[in-house]
> 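Have a look at this one.
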Amino acid sequence: QVQLVESGGGLVQPGGSLRLSCAASGSIFSINAMGWYRQAPGKQRELVAAITSGGMTNYADSVKGRFTISRDNAKNTVYLQMNSLKPEDTAVYYCNAGGVYTGYRLNDYWGQGTQVTVSS
């Protein structure tokens, strides 16, 4: 079984920073892309940032210039550095691994989610 384990969430004041980590484990040959999604109460889950195995990144407009996604392919781990946090960033953040090849077919996996709360 492929599992995604997230860490780094918590409570932070506006303007503060957090660094989220997500490690994929299991019998994995490759992961095409990893990313972070978030979902606030009453809202749809939205893409925050994603990164391919080749390093191509994509960010939501609302986080450009503040968040940075990075990836360690050797460790199957993705990070999200969040700076200048705003109350609007408050949400449950979910890690996603897309195009995970385990030797038979490509599958997508989700982490359990980690709460990020930005409040004074």
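Everything quoted here is computed from the prediction, not taken from an experiment.
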> Any idea which heavy atoms bring S53 and N73 closest together, and the distance?
O-ND2, 2.9 Å
> Give the intermediate values and the outcome of side chain to side chain contact (heavy atoms under 4.5 Å, CB included) for residues I69 and Y79.
CA-CA 6 Å; I69 190 168; Y79 307 92; over 6 Å; no
> Could you go through S62 and R38, starting from their C-alpha distance and side-chain angles, then the distance that decides it, and tell me whether this counts as side chain to side chain donor-acceptor pair (under 3.5 Å)?
CA-CA 12 Å; S62 60; R38 68 185 181 187; 3.3 Å; yes
> Please report the interatomic distance CG(N76) to CZ(F29), rounded to the nearest 0.5 Å.
12.0 Å
> Please determine whether salt bridge (charged side-chain N to carboxylate O under 4.0 Å, His left out) holds for the pair K64 and D61, giving the CA-CA distance in whole Å, both sets of side-chain angles, and the decisive distance to 0.1 Å.
CA-CA 5 Å; K64 286 181 179 178; D61 289 340; 3.1 Å; yes
> How far apart are the closest heavy atoms of L106 and G99, and which atoms are they?
CD2-O, 3.6 Å
> The criterion is ring pair (Phe, Tyr, Trp, His ring centres under 6.0 Å); which residues satisfy it with Y104, sequence neighbours excluded?
none
> Apply the test side chain to side chain contact (heavy atoms under 4.5 Å, CB included) to residues T90 and E88: give CA-CA distance (whole Å), side-chain angles for both, the deciding distance (0.1 Å), then the verdict.
CA-CA 5 Å; T90 296; E88 307 94 274; over 6 Å; no
> Identify, with sequence neighbours excluded, every residue that meets ring pair (Phe, Tyr, Trp, His ring centres under 6.0 Å) alongside Y37.
W110
> Looking at L85 and R66, what are the two nearest heavy atoms and their distance?
CA-NH1, 3.9 Å
> Determine the sole option in D89, V116, V63, V118 for which the side chain to side chain contact (heavy atoms under 4.5 Å, CB included) test with M82 is passed.
V116
> Would you confirm whether E6, through its side chain, and C22, through its main-chain N or O, come within 3.5 Å as a donor-acceptor pair?
no
> Given side chains that start at C-beta, do those of I28 and Y101 come closer than 4.5 Å, heavy atoms only?
no
> Cut-off 3.5 Å, no hydrogens considered: what does the side-chain donor-acceptor table look like for residues 12-20, sequence neighbours left out?
from: S17; atom 1: OG; to: N83; atom 2: OD1; distance (Å): 2.9

> Can any side-chain N or O of D108 pair as donor or acceptor with the backbone N or O of V100 at less than 3.5 Å?
no
> For Q112, is the CD atom crowded, meaning more than 12 foreign heavy atoms sit under 6.0 Å from it?
yes
> What closest approach, in Å, do Y94 and G111 show between heavy atoms, and which atom pair accounts for it?
CD2-O, 3.8 Å
> Enter the distance from L4:CG to S25:OG here, rounded to the nearest 0.5 Å.
7.5 Å
> Backbone N or O of K75 within a donor-acceptor pair of the T77 side chain at under 3.5 Å?
yes
> Nearest 0.5 angstrom please: I31 CD1 to T102 OG1, how far?
10.5 Å
> Atom CG in L47, atom CH2 in W36: separation rounded to 0.5 Å?
12.5 Å
> Does the Q81 side chain pair with the main chain of T68, one donor and one acceptor, at a distance under 3.5 Å?
no
> So which atom in R71 and which in T52 form the shortest heavy-atom distance, rounded to 0.1 Å?
NH1-C, 3.2 Å
> Search all heavy atoms of V78 against all heavy atoms of M34 and return the closest pair with its distance.
CG1-CE, 3.7 Å
> Working to the nearest 0.5 Å, report the span between OH of Y109 and CG of N96.
11.5 Å
